[in-house]
Amino acid sequence: MRRAATRIDGLGTTIFTEMTALAARTGAINLGQGFPDTDGPDSAIEAAVAALRGGENQYAPLPGVAVLREAVLAHQHDFYGLEPEDVLVTFGATEAIAAALLALCNAGDEVVVLEPFYDSYAAAISFAGARRLPVTLRPPDFALDAEALRAAIGPRARVLLLNSPHNPTGRVFSLDELSAIAQACIEHDLVCISDEVYEHLVYDGQHIPPATLPEMAERTLTVSSIGKSFSFTGWKIGWCSGPAELVAATRTVKQYLTFAGGTPLQHAAAAALSGARGYLPGLRDELRAKRDHLRTGLAAAGFRPLRSAGTYFVNADVGSDAVDFCRTLPERCGVVAIPTSAFYDDKTAAPTLVRFAFCKHDATIAKAIERLATLRPHQ
Ligand code: PMP
Ligand code: GLN
């Protein structure tokens with residue numbers, strides 16, 4: 001009998017796919033997978049239609065279409081004062097991260113990751129034949145323990161894979177925390193792959209790209225995408241920028257993974273990015289209000305929501321095993337959510353936490369709260 005390669009054994013279906021399928025099957029409200037139920041700016045949709053009608057329908061150049069590459073460079077400069085040497089357009093942030101790991105890691109190398117971490121990280125690290133070195137962030141604050149970070153770094157560590165603002169905790173790492181990370185990268189000569197897909201979804205505090213810290217621009221590959229900043233998660237247009245050598249290595253892998261496409265959407269993404277200053281404050285205010293709505297509602301419903309400074313997510317303590325809780329939630333009250341332990345290697349770190357997405361219509365959030373209130377979890 002033919003068998004799949006051992007490298008993909010055990011990866012299974014993503015928790016997001018599973019939970020969205022469960023919501024569809026049961027008709028439950030889906031606060032699991034993080035995607036908005038409202039589209040991004042009309043002007044970007046019009047730009048996509050114009051590109052489709054205007055003959056932008058063939059392969060893109062491997063590095064991405066010029067207007068989008070220029071828009072990303074302008075964005076990095078405008079928002080953060082960064083001047084990356086090069087930029088590569090990818091199939092979402094996911095491809096940029098996977099291609100970078102494949103490019104930078106040899107079999108047996110080690111990748112430092114703060115857990116909980118986004119699920120594609122573990123898969124991409126294993127595709128590269130590398131090993132992950134988790135540094136555990138613990139509730140309720142999910143603060144980085146600089147000592148634990150130092151202790152985690154092994155002899156073959158090559159990369160530190162960072163995500164701030166952070167899925168699933170909603171943390172936006174502080175300057176102190178990022179400085180400790182920078183120090184570790186410099187001391188151990190690590191490349192920092194910085195996943196900043198939620199860079200503009202910050203409600204309290206400020207997003208600090210690690211590339212802006214001293215001696216970090218030359219060792220950081222900054223990754224982002226159109227999905228969260230402009231509510232177009234299905235477009236899957238992403239990019240990475242940074243030192244020429246890191247971008248070139250990532251481009252070499254990307255060339256053989258997927259080559260280059262999504263050409264009309266690359267043009268539309270350029271249009272969206274050029275309108276960022278006008279669009280983003282409104283989106284941020286809307287999402288902040290949704291976060292507050294969900295947190296207040298969860299607290300009133302007897303849950304114990306934690307703080308969330310950014311992203312689409314609030315975590316709440318349900319006072320019992322979160323995996324069991326989520327598994328039976330659709331049938332008990334018609335809501336889908338994700339056990340936060342799905343993002344941890346260490347399943348004991350947050351066994352009673354559940355992640356809820358708030359990037360949904362206010363009426364949907366209100367309905368979900370009403371349903372959840374019938375459970376009174378801590379009583
Ligand atoms: N990184 C994080 C932390 C995410 O939450 C997500 C998606 N939800 C991604 C990467 C993937 O981004 P994209 O859709 O642009 O591939
Ligand atoms: N990032 C989204 C989340 O955390 C899901 C993306 C996906 O389904 N891969 O919910």
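In this text, all values refer to a predicted model and were calculated from it rather than measured experimentally. Just follow the structure's listing: the first ligand is 1, and inside any ligand the first atom is 1.
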S.K.: Using only atom types and a distance under 3.5 Å, with no angle test, would you say the side chain of Glu115 pairs donor to acceptor with the backbone of Thr136?
M.R.: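 Not at all, since once roles are kept as given, no pair shorter than 3.5 Å links the two residues.
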S.K.: Could you check atom 10 (C) of ligand 1 against the protein and tell me its nearest heavy-atom contact, residue, atom and distance included?
M.R.: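 The closest one turns out to be Asp195 OD2, 3.4 Å.
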S.K.: With a 4.0 Å cut-off on heavy atoms, is Lys228 touching ligand 1?
M.R.: yes
S.K.: Measuring centre to centre across the rings, with the benzene-like ring taken for any Trp, is Phe230 within less than 6.0 Å of His200?
M.R.: no
S.K.: Any nitrogen or oxygen of Asp119, main chain or side chain, under 3.5 Å from a nitrogen or oxygen of ligand 2?
M.R.: no
S.K.: Could you tell me how the ring of Trp235 sits relative to the ring of Phe232: parallel (under 30°), tilted (30 to 60°) or perpendicular (over 60°)?
M.R.: parallel
S.K.: Pick from Ser225, Ser194, Ser224, Ser229: which one makes a side chain to side chain donor-acceptor pair (under 3.5 Å) with Glu199?
M.R.: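 Answer to the side chain to side chain donor-acceptor pair (under 3.5 Å) test with Glu199 among Ser225, Ser194, Ser224, Ser229: Ser224.
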S.K.: Between Asn30 (side chain only) and Gly32 (backbone N and O only), is there a donor and an acceptor less than 3.5 Å apart?
M.R.: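 Checking the backbone N and O of Gly32 against the side chain of Asn30, a donor-acceptor pair under 3.5 Å is found.
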S.K.: Would you mind running through ligand 2 and noting each atom that sits below 4.0 Å from a heavy atom of Gly34?
M.R.: 2 (C), 3 (C), 10 (O)
S.K.: Against heavy atoms of Gln33, which atoms of ligand 2 measure under 4.0 Å?
M.R.: 5 (C), 7 (C), 8 (O), 10 (O)
S.K.: Checking a contact table here: which protein heavy atom is nearest atom 9 (C) of ligand 1, and how many Å away?
M.R.: Tyr118 CE2, 3.5 Å
S.K.: Touching ligand 2 at all, Phe313? Heavy atoms, strictly under 4.0 Å?
M.R.: yes
S.K.: Give a yes/no verdict on whether any heavy atom in Tyr198 is under 4.0 Å from an atom of ligand 1.
M.R.: yes
S.K.: Closest non-hydrogen protein atom to atom 14 (O) of ligand 1, residue and atom name please, with distance?
M.R.: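 The closest heavy atom on the protein side is Lys236 NZ, 3.1 Å.
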S.K.: Strictly under 4.0 Å, does any heavy atom of Lys228 approach an atom of ligand 2?
M.R.: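 It does; at least one heavy atom falls under 4.0 Å.
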S.K.: Please determine if Phe343 has a nitrogen or oxygen closer than 3.5 Å to a nitrogen or oxygen of ligand 2.
M.R.: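 No, since none of the N or O atoms of Phe343 sits under 3.5 Å from an N or O of ligand 2.
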S.K.: How far is atom 1 (N) of ligand 2 from its nearest protein heavy atom, and which residue and atom is that?
M.R.: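 Minimum-distance protein heavy atom for atom 1 (N) of ligand 2 reads Tyr118 CE1, 3.3 Å.
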S.K.: Taking Gly334's backbone N and O only, do any of them form a donor-acceptor pair with Arg371's side chain (distance below 3.5 Å, no angle check)?
M.R.: yes
S.K.: About how many Å separate CD of Glu70 and CG of Leu273, when rounded to the nearest 0.5 Å?
M.R.: 12.0 Å
S.K.: Any side-chain to backbone donor/acceptor pair from Thr17 onto Thr13? Under 3.5 Å, distance only.
M.R.: no
S.K.: Quickly, which of Leu298, Ile29, Leu294 forms a side-chain contact (heavy atoms from CB on, under 4.5 Å) with Leu372? Name it, please.
M.R.: Leu298
S.K.: So which protein heavy atom does atom 12 (O) of ligand 1 come closest to, and at what separation?
M.R.: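 That would be Ala93 CB, 3.7 Å.
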S.K.: Students should be able to answer this: which protein heavy-atom is nearest to atom 16 (O) of ligand 1, and at what distance?
M.R.: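 Answer for atom 16 (O) of ligand 1: Thr94 OG1, 2.6 Å.
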S.K.: May I ask whether Asn167 places a heavy atom under 4.0 Å from ligand 2?
M.R.: yes
S.K.: Could you go through the side-chain hydrogen bond (donor to acceptor under 3.5 Å, both in side chains) check for Arg355 and Asn167 one step at a time?
M.R.: CA-CA 10 Å; Arg355 191 196 79 170; Asn167 178 11; 2.7 Å; yes
